[in-house]
Amino acid sequence: MAAKTLTIDDKHLSAEEGATLLQAAKEAGITLPTLCHLEGIYDVGACRLCLVEVKGLTKLVPACTTRVAEGMEVLTNSERLRKYRRMTLELLFAERNHICAVCVANGHCELQTLAYSLGMDHVRYEYRTPRWGVDHTHRLFGMDHNRCVLCSRCVRACWHVEGAGTKNVSGRGARAHIITDLNQPWGEADSCTACGKCVQACPTGALFHKGATVGEMVRDRHRLEFLVTARQKKEWITD
Amino acid sequence: MTRNDLLQIQERELAARKKITLRCCQAAGCLSSGAKQVKEQLENAVASAGLSDQVEVRGVGCMKLCCEGPLVQADPRNTLYIRVTEANAPSIINALQGGTAEAQQGDPEAAFFKKQLSIVLANSGVVDPDRIESYIAQDGYQALLGVLRDLTPKDAVEVMVKSGLRGRGGAGFPTGLKWGTVAKSTGLKKYVICNADEGDPGAFMDRSVLESDPHCILEGMAIAAYAVGADQGYIYVRAEYPLAITRLQTAIKQAKQLGLLGAGIFESPFHFNIEIRIGAGAFVCGEETALIASVEGKRGTPRPRPPFPAESGLFGCPTLINNVETFANVPPIFRHGAEWFARVGTEKSKGTKVFALAGKVRNTGLVEVPMGTPLRVIAEEMGGGAPAGGRIKAVQTGGPSGGCIPAEHLDTPVDYESLGQLGSIMGSGGMIVMDETTRMVEVARFFMEFCMDESCGKCIPCRAGTVQMHHLLDKIARQQGTRDDLTKLEELCDLVKNTSLCGLGQTAPNPTLSTLRFFRHEYEALLQPETGWHRNEATSPQPTATG
Ligand SMILES: Cc1cc2nc3c(=O)[nH]c(=O)nc-3n(C[C@H](O)[C@H](O)[C@H](O)COP(=O)(O)O)c2cc1C
Ligand code: SF4
Ligand code: SF4
Ligand code: FES
C-alpha cells in the first residue's frame, strides 16, 4: 500500500494510504479529543470534537472521517479549536443531567475526562434539566437517558458488531433519544441478545450493568476492538 | 415511439385546438379557493351555451398571481379574470358572446407579469398537467429526442457545462460539473435523483413546477440519466404535496405508455425508469446525503462528505442529485441551445430564478426573473410594494439558511454572489417581504426555532447549540437579555456555523447573524440596562477551575 507524507502540528510523518487523520495522529503520538469514535466500529463524524484545521480548506474537518492526503498540513490544537471544543462540551453538559457525583461512571467517564483535559471548568449556558427516564427493565443492564450524549456508539456496536439491530435513534433534535426495538422497554426487546456490547461501547454512565453503584461502572472497551480485529484480520491480539 | 409518432401527436393536438381557450388554474393555491368548482361551472356554461366546438376549458398549472385566485384567462383575447367564483363563472362565457362578465378583471399587462421571463415556468399555466399530449404540443420530449439522436453522453454534459446553469437547490453548484463528475465515476449502476423535498418555510416554487408541468421534470431527468449513464431515477417528493404526487404518478404512467420512459426510448438502446419516493417528513431529508439514506429506507440523517453522492450515493453507487427547478431548466436548454441560455442572467449566474414572493407585499405568488434583476424590481414593481400605508423594511431570502436584506440594499441584483456578500443566500427561492411592523429579533427567533425543531440531532453543535441560541434569542426578545447574553449568542453563532456536520447547522445562524449585522440596534434596545455587575464582568477575574 502506498504511503502518504503529511504534517500534523509541525510533525512530519507518513501514513498508510486510506488511513484517517485520527489514525495518523495517533501513530505520531498526537492525541485528539474524540467522543463518537470508538476503535472497532466505523466512524460517523458526529461529535465534532476531533475537528482539525487543514491548510487550504476553509472548513474544519473531522479527523476521524478524513483520509490522509499527500502534503496535507494539519493543525490539531489551535486556540480556535480549543475554544470550540470547550464550548461543545459546555453544550453537552447543559443539555441533559450530568451529575458526576452520583454517576455509576464517575472516574471512568469519557465525557468527564474530556472536560478535565480540555479545561472545561464551568458551563456558561443554561442547564436544560430535561426529564429523561431510566430504563431498568432489562435483566442485566440499565439505561439512564439523562446521561446519554447521543454518540450512537451503542447503536453501531449493536448493529455492526453484534448484528442484533436492537438499538436505534428515534426523534430528532433535542428530542432525539436511544430506543430499543420499536420503542419498547429494553426488557421486552426480543432482538436483544444480552451480549452487553452496547454497555462496553458507552462513553458515559448512560448504559451500565445492573447493580453498579457510584463509580463502579468500569468498562472493557478493548473487547470490541479485539472482536472486530479477530473477525476481519483473523488476528487474536490480547494484551 | 419514433420521431414521427411524437410529431403526429403534436399535430393532432394542435389541430384539435378550438377558437377560444379558457385557461383555468388548477394548482394548489387556486384549488384551495374553489378553482375546481369554477372549472366545472365554466364547462357547464360552455355546454349549455352550445359553444363546445368553439371553446376549450383547459385545466392548467399555476398562473403565478396566487393571491388573486382562482384565476381564469381567456385566449386569444388576453383577458384575465381574478377571484372568480362559482356564481360569476357563467358570466365569463356570456362575455365571450358580447355580454359583460361579472367576474373581476386583472391586468395581464401589469409589471407583475410583464417583468417575468419564463423558462422554467414557460408551460406553467399553459399546458394541462394531466395530459401528456398537452406537453407534447409545446414541443415536449423533443429535447430528449434530439439528445438521444444527435448527442453522445459526453456532448450532453458539455452542453450543460456551456449553459452555465447552477443548481437551484440552494448552494448554486455548477450543474454541468456535477453531471460530468457522475459521468466519470465508474460503476455498473448509477442513479439520478430529483430533490423535491422543498422544506423551506414560505417556498413553493418546486411544488408549482411539479403540479404545473410534471413532464418537464421527467424529460429533464431522462436527459440527465443519458448524460451520466444512469438507468434508474427517483423523485423524492415531500408527503405534504399530495397533488404534486398524483400528477407525477399520472405523468409517469403516461410517459411509460408512450414509451418515453422504460426500455429502448425512441428506439435507442437507452433505458430509464422513474419511481416516486415519498418524503419522510423532516426538513433535513432535503439534504442530499440524508435524502439518500431515506430513499434507502434508513433514518434520514446527513453524513460527512466526502465521499460526495456523485462518487458514492444511493446504495453506494454514483448518484446525480439535482433540484426540481434545476431539472426543469434542462429541456429548454437542450431545445434552444446552451448559448441561448447563457445569454440570460449575469456573468456568473445564468438563466432565470423562480421566487415564491410572499409576506407584506400587494402581489404574492410566483415570479420568474432573469438573474441579476434588482430586488427592488421584484419587491416594489412586481410585488407592488408593501400594502397601504406600509414601507418595505427588509427582504428575506434563503429561508432558515438565509438572511434579511435591509431596504437600503434593495438595488442589489439577485445573483449568487451579490446575495452572499450581504450575508444572505439565493437559497431555493423563498422571498419574504417585511414591512416596518416586523421586529427583527422575532424574525431571528422564528427561524432559529425552525432550525432547532428540524435539527436531526446527530451532531452536538447543531442539536444543542440551536437550543441555546433559541433560548438566548427568546430571552432577548422578552427583554430579559443582557449584554453578556448577546455576546454568548454571537459566540454560539460562530461555533455552530463552523463546526456543524451539515448545511442545516452550518447555516442555522445566518438569519441571526444577518439581522445582527443590519439591525443590531433592535437587539440592543431590548437588552436589560447594564448593572454594575455586568459592567465589571469583563475586567473581573474569571472563575477558576474547581475540579
Ligand atoms: C438542511 C438542508 C435542506 C435541503 N433541502 C433541500 C430541498 O428541499 N430541495 C433541494 O433541492 N435541495 C435541498 N438542499 C440542498 C441539497 O442538499 C442539494 O444540494 C441539492 O438537492 C442539489 O441540487 P442542485 O445542485 O440542483 O441545487 C438542502 C440542503 C440542506 C443542508
Ligand atoms: S447510550 Fe451511551 S453509547 Fe449510546 S448514544 Fe447514549 S452515550 Fe452514546
Ligand atoms: S448540522 Fe444539524 S441537521 Fe445537520 S447533521 Fe448536525 S444535527 Fe443533524
Ligand atoms: S470523534 Fe470525530 S467527530 Fe466524533
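The sequence lines fix the lettering, A, B, ..., with proteins before strands; numbering per chain opens at 1.
Between chain A and the options C456(B), G457(B), G465(B), heavy-atom pairs under 4.5 Å are most frequent for C456(B). When the candidates R299(B), Q506(B), R303(B) are compared by the number of heavy-atom contacts under 4.5 Å with chain A, R299(B) comes out ahead. Interface check for chain B: of the options D43(A), N168(A), L51(A), the most heavy-atom pairs under 4.5 Å are formed by L51(A). Of the listed residues (P302(B), C451(B), S455(B), A282(B)), the greatest number of heavy-atom pairs within a distance under 4.5 Å of chain A belongs to S455(B).
Under the 3.5 Å distance criterion, the side-chain polar atoms of R48(A) are left unmatched by any main-chain donor or acceptor of P461(B). A donor-acceptor pair is defined here as one N or O able to donate and one able to accept, closer than 3.5 Å; no such pair exists between the side chain of R463(B) and the backbone of R172(A).
Taking both residues in full, the closest heavy atoms of K488(B) and R124(A) are given as NZ-O, 2.8 Å, listed atom of the first, atom of the second, then distance. The heavy-atom pair separating Q468(B) from L91(A) by the smallest distance is CG-CD2, 3.5 Å. Nearest heavy atom pair, residue A174(A) against residue V467(B), reads CB-CG2, 3.9 Å. Of all heavy-atom pairs between T499(B) and L60(A), the closest is CG2-CD1, 4.2 Å. Taking both residues in full, the closest heavy atoms of L501(B) and A46(A) are given as CD1-CA, 4.3 Å, listed atom of the first, atom of the second, then distance.
If you take CZ on R80(A) and CG on L495(B), they are separated by 10.0 Å, rounding to the nearest 0.5 Å. The OH atom of Y125(A) sits 5.5 Å away from atom CD of E491(B), with the distance rounded to the nearest 0.5 Å. Rounding to the nearest 0.5 Å places CG of L150(A) at 11.5 Å from SG of C459(B).
Of the two parts of L492(B), the backbone and the side chain both hold a non-hydrogen atom closer than 4.5 Å to a non-hydrogen atom of chain A. For chain A, no part of T466(B) is nearby; none of its heavy atoms comes within less than 4.5 Å. Using a 4.5 Å cut-off between heavy atoms, S170(A) touches chain B through its backbone atoms (N, CA, C, O) alone. In this structure, chain B has no heavy atom under 4.5 Å from any part of R67(A). Contact annotation for V169(A): both backbone and side-chain heavy atoms come within less than 4.5 Å of a heavy atom of chain B. Heavy atoms of E95(A) lying under 4.5 Å from chain B belong exclusively to its side chain. Contacts between D485(B) and chain A at a heavy-atom distance below 4.5 Å are absent for every atom of the residue.
When the shell of 6.0 Å around CH2 of W159(A) is examined, it contains 12 or fewer heavy atoms from other residues, nucleotides or ligands.
Shown are C36(A), C151(A), C47(A); of these, the side-chain contact (heavy atoms from CB on, under 4.5 Å) with I460(B) is made only by C47(A).
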